[in-house]
Amino acid sequence: MLHPYEINQDGHLTIGGLDTVELAKKYGTPLFVYDVNKIRENARAFVRTFKEQNVKAQVAYASKAFSSIAMIQVAKQEGLSLDVVSQGELYTALEAGFPVEKIHMHGNNKSLEEISMAVEHNIGCIVVDNFYEIDLLAHVLKEHGKEMDVLIRVTPGVEAHTHDYILTGNEDSKFGFDLANGQADQALQKLLQIDEIHVKGLHCHIGSQIFETDGFTMAIEKLFSALKSLKERHGFESEVLNVGGGFGIKYIEEDKPLPLEDYVTSLIDTIRNQVKVYDMTFPEIWIEPGRSIVGDAGITLYSVGSIKEIPNVRKYVSIDGGMTDNLRPALYDAKYHAVVANNVNGSEKEEISLAGKCCESGDMLIWDIELPKVDQNDMIAVLSTGAYGYSMSNHYNRFPKAAVVFVEDGKDKLVIKRESFEDMVKNDLSYEEE
Ligand SMILES: Cc1ncc(COP(=O)(O)O)c(C=O)c1O
Ligand SMILES: N[C@@H](CCCC[NH3+])C(=O)O
């Protein structure tokens, strides 16, 4: 069984000590449920490891993994910083009362409106991604008579071992300035000429769902080699080194992520070593974990509907959600584990495939999984759906978005309401004569 789910005396799956069958009855399905203690535990593992090693750091929760007012309030309570990539994520953070000075803004195509909003609210830092954005930012800062700390996002030319669609640190990437072809150097030169901009350091993010530390090590080595040249050429020293997120989590038994502490220790060791090699001052380290903070803290509960058996071929068990609440299997061929929430240890087992409800053959959440035999209205829990589940959910086939519940200290709390049909059509306008 994957952490942190347990079973009660009725054979029901529990989360945070609460019976998932009761939660589904109370709130309906599909339903995302988060164990808030697990979110806190993950966040604390990062923060604690930096503290224990006496390293000045910022752990910025990458809110793209799951952005909601309640989640951002938990990040705030844990003393995290926050990575946002859009006006919508920034707006959510502001609504949650997140301290603006700890917000960092990303994005490969920040609009004038996004940059203006970030500047108007005095956020802590903008991670500059491209030349166009430098001009926009300079313009907005001059117009507002304000200054801004920035990091330069660079692509270090490192191929992390992960899915192509979630690789971000290779040279041929839409993100950031390339180190090898000199664009990062040009960006620094340009930024150093703008009085309103303070370049605090470099940023890189090599990809997501990474299990090994060697990709991070290689990226850091490339950053330091670049920093040596930037120091020689421009007298620039990086106060901050942001090495992004990407720390992998366990979705299925075969996944072997490292303990979160080990990722941090390895980053610190590599940076210590590089500081020695190049005789530089030790920078403040920033990281941006998303998935590793919320991923294994969340599950999705579904009700079983139609069951179709094709003799000698396959049994399709359809549930009341799918690619609308979890796009990852369709998008990345991502693998998940599921349990029958109302009968976790049922002895009569069979192999089924878990089908979503959308009009797409590719809307399959899990192919060929052995589960206790299910019937209509049984309940399925897909595990480790806390990251990029709700946040990538969509309205395909006009399915309303699911509800989200937090559980902590034996209590459950609705933190995102289930969408109604009225919510869904609220921006539609009639094309008929009034
Ligand atoms: C710049 C940046 N930082 C942080 C993250 C968070 O990644 P993860 O959720 O894998 O930790 C991402 C997403 O991959 C990203 O693009
Ligand atoms: N959405 C991706 C990861 C984010 C990639 C962002 N750079 C996933 O579900 O794995």
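Atoms within a ligand are numbered from 1 in the order they appear, just like the ligands themselves.
- Against a heavy-atom cut-off of under 4.0 Å, Gly245 is close to the following atoms of ligand 1: 4 (C), 11 (O).
- Of the polar atoms of Arg291, at least one N or O is found under 3.5 Å from an N or O of ligand 2, judged by distance alone.
- Counting heavy atoms closer than 4.0 Å to ligand 1, residue Val85 contributes nothing at all.
- Considering both main-chain and side-chain atoms, Gly246 comes within under 3.5 Å of ligand 1 through a nitrogen or oxygen pair.
- Between the side chains of His203 and His106, at least one donor N or O lies within less than 3.5 Å of an accepting N or O.
- The closest side-chain donor-acceptor pair between Glu147 and His198 falls under 3.5 angstrom.
- A side-chain N or O of Ser420 and one of Asp423 form a donor-acceptor pair less than 3.5 Å apart.
- At least one N/O-N/O distance between Arg328 and ligand 2 falls below 3.5 Å.
- Between Gln186 atom CD and Asp178 atom CG the span is 10.5 Å, to the nearest 0.5 Å.
- In this structure, Tyr332 is part of the shell of residues with a heavy atom less than 4.0 angstrom from ligand 2.
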Take Phe32 and Phe66 through the ring pair (Phe, Tyr, Trp, His ring centres under 6.0 Å) test and state the conclusion after the steps. CA-CA 11 Å; Phe32 284 91; Phe66 172 52; 7.6 Å; no

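- Against a heavy-atom cut-off of under 4.0 Å, Pro289 is close to the following atoms of ligand 1: 11 (O).
- Residue His106 places no N or O, backbone or side chain, under 3.5 Å from any N or O of ligand 1.
- We find the CE-CG distance between Met105 and Asp83 to be 10.0 Å, quoted to the nearest 0.5 Å.
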Salt bridge (charged side-chain N to carboxylate O under 4.0 Å, His left out) between Lys250 and Glu253: does it pass, once the steps are laid out? CA-CA 7 Å; Lys250 197 176 184 72; Glu253 248 354 282; 3.7 Å; yes

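- Atoms of ligand 1 found under 4.0 Å from any heavy atom of Glu288, numbered from 1 in the order shown, are 1 (C), 2 (C), 3 (N), 4 (C), 5 (C), 6 (C), 11 (O).
- Of the N or O atoms in Ser208, one or more lie within a sub-3.5 Å distance of an N or O in ligand 1.
- For ligand 1, none of its N or O atoms has an N or O atom of Arg153 under 3.5 Å away.
- At least one N or O atom of Gly290 sits closer than 3.5 Å to an N or O atom of ligand 1.
- Under the 6.0 Å distance and 45° angle rule, Arg328 does not count as a cation-pi partner of Tyr336.
- With 3.5 Å as the limit, one finds a donor-acceptor pair spanning the side chains of Tyr27 and Asp412.
- The closest approach between Gln209 and ligand 2 stays at or above 4.0 Å for every heavy atom of the residue.
- By the 4.0 Å heavy-atom criterion, Ala387 is excluded from the residues contacting ligand 1.
- To the nearest 0.5 Å, atoms CG (Leu179) and CG (Leu223) are separated by 6.5 Å.
- In this structure, Phe175 falls outside the shell of residues with a heavy atom less than 4.0 angstrom from ligand 1.
- Applying the 4.0 Å criterion to heavy atoms of Asp83 picks out, from ligand 1, the atoms 3 (N), 4 (C).
- Atom numbering of ligand 2 starts at 1 in the shown order; those under 4.0 Å from a heavy atom of Met392 are 1 (N), 9 (O).
- The N/O atoms of Lys64, backbone and side chain alike, include one that comes under 3.5 Å of an N/O atom in ligand 1.
- Close contacts of ligand 1 with Tyr388, meaning ligand atoms under 4.0 Å from a residue heavy atom, involve 6 (C), 7 (O), 8 (P), 9 (O), 13 (C).
- To the nearest 0.5 Å, atoms CG (Leu112) and CG (Asp135) are separated by 12.0 Å.
- One finds the OG atom of Ser86 at 12.0 Å from the CG atom of Asn109 (value rounded to the nearest 0.5 Å).
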